[in-house]
Amino acid sequence: MDYQFKDIEQKWQQFWAQHGTFKAEDKSAKPKYYVLDMFPYPSGAGLHVGHPLGYIASDIFARYKRLKGFNVLHPMGYDSFGLPAEQYAIQTGQHPAITTEANIATYRRQLDQIGFSFDWSREVRTSSPDYYKWTQWIFMQLFNSWYNKDADKAESITKLVEHFEQNGSAGINAVCDEEVLSFTADEWKAMPNSAQQSELLKYRLTYLRESTVNWCPALGTVLANDEVKDGFSERGGYPVEQKKMMQWSMRITAYAERLLQGLDTIDWPEPLKEMQRNWIGKSTGASVKFPIEKTTHHSSLTTHNYIEVFTTRIDTIFGVTFLVIAPEHELVASLTTPEQKADIDAYITATKKKSELDRMADAKTVSGAFTGSYVLNPLNGEKIQIWIADYVLAGYGTGAVMAVPSGDQRDYLFAKHFNLPIVPIIDIQNIETEADPTKEGTYINSDFMNGLDYKAGTAAVIAKLESIGAGKAKVNFRMRDAIFGRQRYWGEPVPVYFKDGLPHLIEESHLPLLLPEVDKYLPTESGEPPLGRAEGWKHPEGEYELSTMPGWAGSSWYWYRYMDAHNDKEFASREAIEYWKDVDLYIGGSEHATGHLLYSRFWNKFLKDIDQVVEEEPFKKLINQGMIQGRSNFVYRLIDEEGRGTNTFVSHGLIKEYKTSPLHVDVNIVENEVLNIEKFKKFRPEFETAEFILESGKYICGVEVEKMSKSKFNVVNPDDIINRYGADTLRMYEMFLGPLEQSKPWNTNGIEGVFKFLRKFWRLFHNDAWEFGVSNAEPSKAELKALHKIIRKVEEDIERFSFNTSVSSFMIAVNELTDLKCNNRTVLQDLVIVLSSYAPHICEELWTLLGNPAGSLSYAPFPKFNSAYLVEDEFAYPISINGKTKMNLNISLSLDIKDIEAFVLANADVQRYLDGKTPKKVIVVKGRIVNMVV
RNA sequence: GCUCAGAUGGUGGAACUGGUAGACACGCAGGACUUAAAAUCCUGUUCCCGUAAACGGAGUGCGGGUUCGAUUCCCGCUCUGAGUACCA
């Protein structure tokens, strides 16, 4: 029979499902291998052809590892809490659970069609109560922990309480809020419970605090920094503003250093590691306190008598000629003198009006205002003006900088603009036209530092500042604590209730705290989150928290749930975690670089600290598959003399001769840029009567690469491809498209080549009448050579994730075997196993036809490569003169270099090329090349 | 601006430690089969000169360098894509 991909694929997909072929074993003598995909959010649009790219690669890898004798865990699930289902619920009243359920069904159908070897018995959904029970449980562990800097790990909050009871706050080195109290053990014990609790909240790894958040009024929720792009929400593109709110936060900053160091221990793409390093943003420097000058010091200033700054160039402290604080800085009001009040107020108003975008676009304009107050340089007592300016950011460091115009270009421009002094501090500094940030040379105008170099100077300043208590060496991180709350419905409820204004965890035995029903998915009239509408939803002791967890909560630990997906006692058993340990290979997009992949590492490190998991890093090796973009096609509508569109369309090659306007056309009615005119006429009713100006009898469409989206008519649905060519063709074609990590536009042109290949492969096992038949004769040398070439190639390619090149090699192997008229059983059977990870359905069918015992080939042993079959006794040496190849010459590989040289020079054709000249030098590289220098 | 990745035929791409540039596939051109089309098969296909073959020349973004030999290594530049940004 001809290659009937539809019957074959359906048959084997059913077989795998019925027999649980891909169930991973929990106990096995085999070595383990964990292959994970980033689980999808099940959107209403279903999968387009770009989504499965990474899944296909990981599936090939998982299937290959099974053939290689590994116990493979290859699961799939859904990140099913999220905004789109809720937006849809707001518009239609449909419960998000229903929408989500329907979308998951579509996803599952589409995924099944592609023939993935997922162990579906371990499926997880983040929105399912038996899953989010454990997300809530992990939240509770974070609430019950604090970060001990001395031990450099998270510890139980009861240990902290014990310390307070015995020693008070002395000797505690914690990552905590800035303003913690100092107390003795007796003072602690004397505190009322509510005071103790509110103090402990300053230490917990998840805590409440008033913070400035990215508030998106259109979505009615706060967003994380990585969900905001250029002042607009990543989802929906709505404007985002800054707002102060009481929020749950996660003390991820406690792990900043470990998150940074850990990057050196994992096999991830360098650009992605670099993005995480930048996000963490470690900078080493010093913090310095500048005392505020008393005479100008405003009366309301009581808690602070200094301004603290962070700098990476403490050595330039004698070059400080003014100080700049952010317009939002808490001391602005009290520092402003009555004479300057009008200026400052005007400046602050102007700053507030500027959006984030303007502020960025406007980076070159210098602006600022003088407060009228002064600080003193702690080292020489010099009086220094305090200014405010929006180039200083409230959110970084202390929101204040010491300005050194001779060494910093922004300070330089500011000084020039406002006529402030610029003092050189290094002998070789050139500050005629711009600042010079050099570290070479020695210091001048710098008191005790004069004559020292950078290294000695920096050390001297830090020592001096420390001795007078005015400053110290400090490491600063750009990363902020992560906000952990959304004012939305469709997320995990936070397992907390409030009593007397303080948060309390619910009983662990009451988990999961179920998401209640509400009448509408909108905020309440009083502006509370939708959960405020839930009737009778109340803890006996107080009010539940009304915000839900953010989207990244459920995805920050899901790979552990797959290890033991149905456990109702623990998030996963100790036994399962000790067996599976971590993810060996993780494949997903780089858009999660600073979100999911950072939060997951944070939670993993925390779970390690509290001894719940065994590995410090969750994902040993990570690969970013490239994005598949859309490839839009255009037709060109002729514009008449009055500038109106006509119903005539001009072929792309001729548009320069006419006045036209481009129009997106459905890529599914275009083949190799040639428009199918019949289908085009049916594309829209008004095209029924369309006319065409053709070139060479064809209508050629224009092409552009854009994002894949419905409105651009460039979405290619995998269902259509599978319907036409089958899943095996789709899988191989997606791999054939190019290197996995590279982004590329989808182009269905060329898929025929892959389909033809599979048919040719099928034909090896069949005669001209399409009857199955293989021979049991001894394989020939040439057949074995072709086979073992592909065995080695596939092993090498898969290990280095070069899937596109192995598809080419399969084509070469099948072409060779076809030329050899090979129908040898042993050769073909081995080839079936080698190809099966790429094209599993056709290979299963042929495996059965070959007469193997009923069942799947998924666990057959991968053929063993034997180099003996590839040994050659001759090689066609390229003979080159001055590096230019002139001819090839067959020479025995047993000859040594001297003999080869003699053999080549004796050859008549070589002599003809040499034209009577004697080569100055002959280079012979055995088995590679002969080069003669003339 | 900074960081990272990349640039190879008409197209997607291959060439793994410096050793025959353009594998494999698409497209295109020509041919076979067919009443015809589709399908299938065969041949050619980097560019230039040449009727064709032989032969000759150029060629991996640009300009240099190292080397017997460079797509590969080094220096400088151009362009494209991604990330990030008054980060003190």
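The figures here come from the full heavy-atom set of this structure, side chains too, leaving out hydrogens, waters and symmetry mates. Keep in mind that this is a model prediction, so the values were computed, not measured. In what follows, chains are A, B, ... by sequence order, proteins preceding strands, each numbered from 1.
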*Ring-face cation of A/K282 near A/F477 (centre distance under 6.0 Å, axis angle within 45°)*: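 Not flagged: A/K282 not positioned over aromatic ring of A/F477.
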
Please measure how far the [atom1] atom in [N] lies from the corresponding atom in [M], and state the result in whole Å.
N	M	atom1	result
B/rG65	B/rA70	P	12 Å
B/rG61	B/rG13	P	15 Å
B/rG10	B/rU46	P	10 Å
B/rA54	B/rG6	P	38 Å

Does [N] have OP1 or OP2 under 4.0 Å away from a side-chain N or O of [X]?
X	N	result
A/R277	B/rC4	no
A/N804	B/rA14	yes
A/Q742	B/rG12	no
A/Y396	B/rA88	yes
A/K756	B/rC26	yes

*Residues in salt bridge (Lys or Arg N to Asp or Glu O under 4.0 Å) with A/E816, at least two apart?*
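Listed in chain order: A/K789.
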
*May I ask you to check whether A/F5 and A/Y725 place their ring centers less than 6.0 Å from one another?*
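Distance test on ring centres: not under 6.0 Å, no.
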
*asked:* As a check on the pairing definition, encode RNA chain B in dot-bracket form, counting Watson-Crick and G-U wobble pairs whose two distances are under 3.5 Å, and using | for partners outside this strand.
replied: (((((((..(((......[....)))((((((.......))))))(((.......)))..(((((..]....))))))))))))....

*What about A/N931: does its side chain form a donor-acceptor pair under 3.5 Å with the base of B/rC68?*
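Answer is yes: a donor-acceptor pair is held.
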
*Taking all non-hydrogen atoms of both residues, which atom of A/Q625 and which atom of A/G589 are closest, and how far apart?*
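That would be OE1-N, 3.3 Å.
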
*From B/rA88, B/rG19, B/rC86, pick the nucleotide closest to the side chain of A/T312?*
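When the side chain of A/T312 is considered, B/rA88 is the closest of B/rA88, B/rG19, B/rC86.
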
_From the set B/rA85, B/rA88, B/rC24, return the single nucleotide nearest to any side-chain atom of A/R478._
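Side chain of A/R478 sits closest to B/rA85.
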
*When you check the glycosidic angle of B/rG9, does it come out syn, meaning within 90° of 0, or anti?*
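Because its glycosidic torsion lies within 90° of 0, B/rG9 adopts the syn conformation.
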
